[in-house]
Amino acid sequence: MSVSKRTRKNILNKFLSVIFAVVLFMVSGCGSSDNEADNNGSAASAADFVTVGFSQLGAESDWRSANSRSMREAFSSDKGYELIFEDGQQKQSKQITAIRSFIQQGVDYIVLAPVTQDGWDSVLQETKEADIPVIIVDRMVDVANDDLFTCWVGSDFYLEGCKACEWLYQYTSDLGMKGEDIHIVNIQGTLGSSAQIGRSAGLNDYVEKYGWDLREETPGDFTQAKGREVMAQMLVTYNNINVVYCENDNEALGAIEAIEAAGLHAGGDIQNGDILVLSFDGVNENAINYCLEGTIACIVECNPLHGPRVENIIKTLEKGGSPDKLEYVSETLYSSYQSVNEVSVDGTTYPVTMLTQEVIDTRAY
Ligand code: AHR
């Protein structure tokens with residue numbers, strides 16, 4: 001019968017913990033039973049630590065900071081984990097190096113939040129050969145063989161995009177506007193990331209469906225500074241923009257700065273010169289307050305609290321169970337505009353959460 005590397009490692013850990021306990025017992029001079037209990041207890045807990053290597057893609061947005069916090073809280077040493085956290089600084093090469101170092105360190109689990117979808121096959125093949133389970137979180141990987149990772153948990157980014165567009169369609173239809181009256185620019189996220197691919201695809205499908213005028217799509221890298229820069233340039237190039245689709249809240253904050261710097265107004269009165277701002281996340285406090293006052297018309301939630309979800313997956317694996325291969329997080333839409341109460345995408349209806357101060361105060365992040 002072949003014994004996997006992982007099983008061998010567990011056996012070795014247990015063996016080392018017994019040696020450790022015996023040595024402690026001898027060093028303590030075969031002391032009192034209280035001490036024995038303490039020594040045995042600490043030896044057992046040292047062996048029971050679960051080691052998790054987490055390759056986080058970067059620190060580009062408030063969403064990302066909340067996500068990193070959630071992971072650190074879920075995998076604290078108090079709870080019996082050793083978390084090795086590596087920041088990829090938006091570079092896939094750094095993330096690949098981190099994964100290889102996790103393999104060398106013999107971690108129990110690898111968690112990967114990938115910056116882009118492509119280019120993971122080789123390194124995931126290495127994790128498979130090392131017999132280390134890999135949990136993909138937030139964005140997805142696009143690999144030839146899905147057996148290269150254990151499971152994934154995150155958002156349906158395409159659905160998020162469709163929800164935002166359906167909201168826009170209903171809002172503008174209610175104003176009596178037609179498809180050709182909608183002049184949109186898209187400030188995209190990091191090109192090649194699942195969040196960008198899904199949200200841009202949602203927009204493009206609705207542009208085709210309703211005949212909207214999509215003037216330009218340019219990446220804003222999910223940051224406020226780039227969002228401002230891109231929007232400022234677009235306002236110089238086009239004189240009829242009435243909707244800006246920002247692929248996250250940090251970009252939306254930058255876009256609003258550019259709109260105001262150009263002497264224009266972000267808001268819902270788009271038949272009288274306002275530029276309507278659509279956004280994603282709902283984590284940044286300024287963005288959510290802008291949504292409350294109507295400066296941002298609608299934010300489609302993207303939930304960053306994946307720490308407990310990944311922890312549940314690891315608990316399931318520890319017990320020998322099989323977590324779902326794909327776990328989609330359910331998410332809402334926020335708006336303070338009363339005219340759209342719900343949106344329907346592919347036959348499913350999603351209620352819009354009407355933003356009030358009370359809703360803001362009771363949110364988890
Ligand atoms: O992958 C999730 C996206 O990444 C969030 O929408 C964005 O804010 C972040 O940077």
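Note that ligands are numbered from 1 as they come in the structure, with each ligand's atoms numbered from 1 the same way. If you read the sequence from its start, that first residue is 1, and numbering goes on from there. The structure displayed is predicted, hence computed values, not measured ones.
Taking the six-membered ring for Trp and the full ring otherwise, Y328 and W152 have centroids separated by under 6.0 Å.
Heavy-atom contacts of F222 reach the following atoms of ligand 1: 7 (C), 10 (O) (cutoff under 4.0 Å). When each atom of ligand 1 is checked for a heavy atom of D138 under 4.0 Å away, the hits are 1 (O), 2 (C). Annotation for ligand 1: atoms under 4.0 Å from non-hydrogen atoms of S61 are 7 (C), 8 (O), 9 (C), 10 (O). Residue contact check: R139 has heavy atoms under 4.0 Å from atoms 1 (O), 3 (C), 4 (O), 9 (C), 10 (O) of ligand 1.
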Donor-acceptor contacts, no H, no angles, side chain residues 77-84, under 3.5 Å, sequence neighbours left out:
| from | atom 1 | to | atom 2 | distance (Å) |
| --- | --- | --- | --- | --- |
| K79 | NZ | A74 | O | 3.1 |
| K79 | NZ | E311 | OE1 | 3.0 |
| Y81 | OH | E311 | OE2 | 3.0 |

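Under the 4.5 Å side-chain contact rule for hydrophobic residues, V340 and L355 do not share a cluster.
Seen from the ring of F222, R64 does not count as a face-on cation partner, given the 6.0 Å and 45° thresholds.
The side chain to side chain contact (heavy atoms under 4.5 Å, CB included) with F157 is formed by just one residue from the set I197, V300, D138; it is D138.
For residues 265-304, the ring pair (Phe, Tyr, Trp, His ring centres under 6.0 Å) pairs, not counting sequence neighbours, are Y245-F280.
Only the side chain of R199 comes within contact range of ligand 1, with a heavy atom under 4.0 Å; no backbone atom does.
Looking at atom 9 (C) of ligand 1, its nearest protein heavy atom turns out to be E60 OE2, 3.3 Å. Nearest protein heavy-atom neighbour of atom 6 (O) of ligand 1: D281 OD1, 2.6 Å.
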